[in-house]
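Since the structure is predicted, the reported quantities are computational estimates derived from the model, not experimental observations. Counting starts at 1 for both ligands and their atoms, in listed order.
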Amino acid sequence: MAVVNRGFGSKGRSDDPRLPPGQHLTDGFPVLSASPTPLIPKDTWVFTLTSETGEERRWRWHELLDLPSEPVVTDIHCVTRWSKFDTHWEGVSVDVILAGVTTDATHAMATCYGGYTTNLPLSELRGGKAWIVYRYGGEDLGALHGGPARLLVPQLYFWKSAKWLNGLRLLVRDEPGFWEGAGYHNHGDPWREQRYEFD
Ligand SMILES: Nc1nc2c(c(=O)[nH]1)N[C@H]1C(S)=C(S)[C@@H](COP(=O)(O)O)O[C@H]1N2
Ligand SMILES: [Mo]
């Protein structure tokens, strides 16, 4: 009798060392949104960094574009089990946004137009691991995929890569975001298959 359990069934294995456990490759680019797509004109777009004491720093669209940007080529992994290799992005490293910020924060909440939130440890946002991206595949990032700008944190499940990003709120105590408060894993490392709360 075949016994399917979490050890053998959902924690699938793959021969491709680039594919995290339980994932399969897709050539397409699925769209996953918990709410309708907000349309945000660039001339009213604002990104706000809020410190743990409530101090705010703001970047308008042209100020974001004036920051040093870089190309990012990376694999992405969605908790619904699709992965996509070699996606091409361009944007600003979160290190640039946090440069010169002295903080006691350990975590940050990414906030979005439309109300979505997701929490991350600062250690996943710093050190060249996360970007605010505004181009995909050589074109301006489309609204369905989070344009004008989204967070890209490719080493975590893609729900952490907040679309329609409008801020980072620094936290001295971690708080769950939208999916993290609804039974998904707080951290979301695809290589450790941290899909749900108790994984
Ligand atoms: N603002 C916002 N960001 C979001 C989501 C969302 O619903 N709203 N969905 C998340 C999830 S679950 C995934 S898998 C990816 C999907 O990004 P895509 O639609 O570009 O594939 O966006 C993440 N970021
Ligand atoms: Mo997702």
Exercise for review: Just jot down the side chain to side chain contact (heavy atoms under 4.5 Å, CB included) partners of Thr44, sequence neighbours excluded, or say none.
Suggested key: Pro41

Review point. When you measure from atom 18 (P) of ligand 1 to every protein heavy atom, which one gives the shortest distance, and what is it?
Key: His145 ND1, 3.5 Å

Review point. Of the protein's non-hydrogen atoms, which lies at the shortest distance from atom 14 (S) of ligand 1, and what is that distance?
Key: Cys78 SG, 3.2 Å

Practice item. Would you mind listing which atoms of ligand 1 come within a distance below 4.0 Å of any non-hydrogen atom of Val31? Key: 19 (O)

Exercise for review: Please write down residue, atom name and distance for the protein heavy atom closest to atom 1 (N) of ligand 1.
Suggested key: Lys163 O, 2.9 Å

Exercise for review: Taking ring-ring contact (aromatic ring centres under 6.0 Å, His included) as the test, write out the residues that go with Phe47, two or more places apart.
Suggested key: Trp59

**Study point:** Numbered atoms and elements of ligand 1 in range of Cys112, under 4.0 angstrom, heavy atoms
**Key:** 1 (N)

Practice item. Please check if any side-chain donor atom of Glu124 sits under 3.5 Å from a side-chain acceptor atom of His187, or the reverse. Key: yes

Review point. How far is atom 24 (N) of ligand 1 from its nearest protein heavy atom, and which residue and atom is that?
Key: Ser161 O, 3.1 Å

Exercise for review: Would you check if Trp61 and Val46 make a side-chain contact, meaning some heavy-atom pair closer than 4.5 Å?
Suggested key: no

Check your understanding: What part of Phe29, side chain, backbone, both or neither, has a heavy atom within less than 4.0 angstrom of ligand 1?
Key -> side chain

Check your understanding: What about Tyr184 and Trp159, are their ring centers closer than 6.0 Å?
Key -> yes

Exercise for review: Please write down residue, atom name and distance for the protein heavy atom closest to atom 11 (C) of ligand 1.
Suggested key: Trp159 CA, 3.5 Å

Exercise for review: For atom 9 (N) of ligand 1, find the nearest protein heavy atom and state the residue, atom name and distance (0.1 Å precision).
Suggested key: Leu32 O, 3.2 Å

Review point. Given side chains that start at C-beta, do those of Glu90 and Leu152 come closer than 4.5 Å, heavy atoms only?
Key: no

Check your understanding: Just checking, is any N or O donor in the side chain of Ser93 or Glu70 under 3.5 Å from an acceptor N or O on the other one?
Key -> no

Exercise for review: Identify the protein heavy atom lying closest to atom 13 (C) of ligand 1, giving its residue, its atom name and the separation to 0.1 Å.
Suggested key: Phe158 O, 3.7 Å

Check your understanding: Less than 4.0 Å between a side-chain N and a carboxylate O, is that true for Glu175 and Arg173?
Key -> no

Practice item. Step through it carefully: locate the ring centre of Phe29, locate the ring centre of His145, and say whether they are under 6.0 Å apart. Key: yes

Check your understanding: With a 4.0 Å cut-off on heavy atoms, is Ala162 touching ligand 1?
Key -> yes

Exercise for review: Would you mind running through ligand 1 and noting each atom that sits below 4.0 Å from a heavy atom of Trp164?
Suggested key: 1 (N), 2 (C), 8 (N)

Study note, to complete from the structure: closest protein heavy atom to atom 22 (O) of ligand 1 is Arg150 NH2, 3.2 Å

Review point. For Ala34, is at least one N or O under 3.5 Å away from an N or O on ligand 1?
Key: yes

Exercise for review: Could you list which atoms of ligand 1 come closer than 4.0 Å to a heavy atom of Ser33?
Suggested key: 7 (O)

Review point. So, does Pro30 sit close enough to ligand 1 that a heavy atom of it is under 4.0 Å from the ligand?
Key: yes

Review point. Salt bridge check: are Glu56 and Arg58 linked by an N-O gap of less than 4.0 Å?
Key: yes

